[in-house]
Amino acid sequence: MLIEATRLPGVVIVTPNRFGDARGHFSEVWNRDTLRGHAIDIEFVQDNQSLSRDVGVVRGLHCQAPPRAQDKLVRVAQGAIFDVAVDVRRGSETYGQWVGVELSAENGRQLLVPRGFLHGFVTREPDTLVIYKCSDSYAPDTERPVFWADPDLAIDWGIDPAQAILSAKDAEAPAFAAFVTPFDEQELI
Ligand SMILES: Cc1cn([C@H]2C[C@H](O)[C@@H](COP(=O)(O)OP(=O)(O)O[C@H]3O[C@H](C)C(=O)[C@H](O)[C@H]3O)O2)c(=O)[nH]c1=O
């Protein structure tokens with residue numbers, strides 16, 4: 001397993017070993033003890049799966065507020081996404097900064113998005129299947145969305161905003177300027 005840092009402390013790229021042979025390949029896409037060996041010790045309690053039919057589907061930016069904040073380990077079982085995390089931990093030197101990573105069934109890369117970060121992605125291929133582990137269960141009353149194309153965040157999604165395919169919820173999400181972070185310094189890693 002390869003663990004790579006990103007420019008946001010705590011957001012790391014996890015690439016499990018992949019064993020190829022004439023049939024295809026095998027990979028342990030999640031192993032608690034292997035992650036613990038890399039000082040990543042998170043108790044995941046829910047697996048999510050979303051299928052997005054078209055290129056340009058945007059899901060996010062989302063997070064759940066404490067005490068229901070979620071760490072997420074995101075992977076792509078089919079297709080490809082540009083996966084984004086935004087630091088919203090009060091007091092963080094990288095508050096409001098984002099990082100994006102191409103995750104695909106082909107590259108086998110996963111992104112660890114800790115609590116204290118907004119999460120979202122845009123699909124790069126049709127019929128993209130995203131599977132992600134969460135460290136707390138769904139608590140819709142605690143959701144704190146932010147508009148994906150907010151000019152203050154200036155995330156480079158690599159698509160024409162007019163072409164984005166969004167849920168009504170995401171299309172109407174509040175601006176980052178209106179976001180009062182529920183994450184305090186103790187979330188800092
Ligand atoms: C997240 C979630 C949703 N749902 C139900 C609620 C709706 O009836 C339906 C679709 O929910 P939503 O439109 O919020 O799904 P996404 O837009 O993919 O949201 C996710 O997108 C970004 C990328 C995230 O990181 C979050 O995990 C999550 O917010 O699934 C559940 O039953 N359980 C859940 O945990």
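Order of appearance sets the numbers: ligands from 1, and atoms from 1 within every ligand. Keep in mind it's a predicted model, so treat the numbers as computed, not measured.
Nearest to atom 23 (C) of ligand 1 among the protein's heavy atoms is His119 ND1, 3.5 Å. Looking only at protein heavy atoms, the nearest one to atom 12 (P) of ligand 1 is Lys169 NZ, 3.9 Å. Distance from atom 15 (O) of ligand 1 to its nearest protein heavy atom, with residue and atom name: Arg59 NH1, 4.0 Å. Of the protein's heavy atoms, His62 ND1, 2.5 Å lies nearest to atom 29 (O) of ligand 1.
At a 3.5 angstrom cut-off on N or O pairs, Gln46 counts as close to ligand 1.
Using a 4.0 Å threshold on non-hydrogen atoms, atom 10 (C) of ligand 1 does not count as touching the protein. For atom 17 (O) of ligand 1, a protein heavy-atom neighbour is found at a distance under 4.0 Å. Under the 4.0 angstrom criterion, atom 3 (C) of ligand 1 counts as having a protein heavy-atom contact. Atom 25 (O) of ligand 1 is flagged as protein-proximal [any protein heavy atom, distance under 4.0 Å]. Inside a 4.0 Å radius of atom 34 (C) of ligand 1 there is at least one protein heavy atom.
Heavy-atom minimum distance, Asp127 versus Leu51: C-CD1, 3.8 Å. Across Ala85 and Val113, no two heavy atoms sit closer than the pair CB-CG1, 4.0 Å.
Here is the list of ligand 1 atoms found below 4.0 Å of a heavy atom in Asn48: 35 (O). The distance from ligand 1 to the heavy atoms of Glu143 drops below 4.0 Å at these ligand atoms: 29 (O). With ligand atoms numbered from 1 in the order given, ligand 1 contributes 24 (C), 25 (O), 26 (C), 27 (O) to contacts under 4.0 Å with heavy atoms of Lys72. Proximity to Phe121 (heavy-atom distance under 4.0 Å) selects the following atoms of ligand 1: 23 (C).
Atoms NE2 and CG, on His25 and Asn17 in that order, are 12.0 Å from each other to the nearest 0.5 Å. Atom CG of Leu111 and atom CZ of Phe117 lie 10.0 Å apart (nearest 0.5 Å). We find the CZ-CD1 distance between Phe176 and Ile155 to be 9.0 Å, quoted to the nearest 0.5 Å.
With Gln46 contributing its side chain and Tyr138 its backbone, the two residues share a donor-acceptor pair below 3.5 Å.
Residue pairs meeting the side-chain hydrogen bond (donor to acceptor under 3.5 Å, both in side chains) criterion with at least one partner in residues 63-79, sequence neighbours excluded, are Arg68-Asp136, Arg68-Ser137, Asp71-Arg115, Asp71-Ser135.
Remark: distances from the non-hydrogen atoms of Gln70 to ligand 1 are all 4.0 Å or more.
Annotation: Glu43, atom CD; neighbour count of heavy atoms from other residues, nucleotides and ligands within 6.0 Å does not exceed 12. Remark: Glu143 CD is packed, more than 12 non-hydrogen atoms of other residues, nucleotides or ligands lying under 6.0 Å away.
Annotation: cation-pi geometry satisfied between Arg7 and Trp98 (NZ/CZ under 6.0 angstrom from ring centroid, within 45° of ring axis). Judged by the 6.0 Å and 45° rule, Arg144 forms a cation-pi pair with Phe179.
Residue-level proximity to ligand 1 for Val113 is absent, since no heavy atom of it falls below 4.0 angstrom.
Across Tyr138, Tyr132, Trp148, heavy-atom proximity to atom 20 (C) of ligand 1 is greatest for Tyr132.
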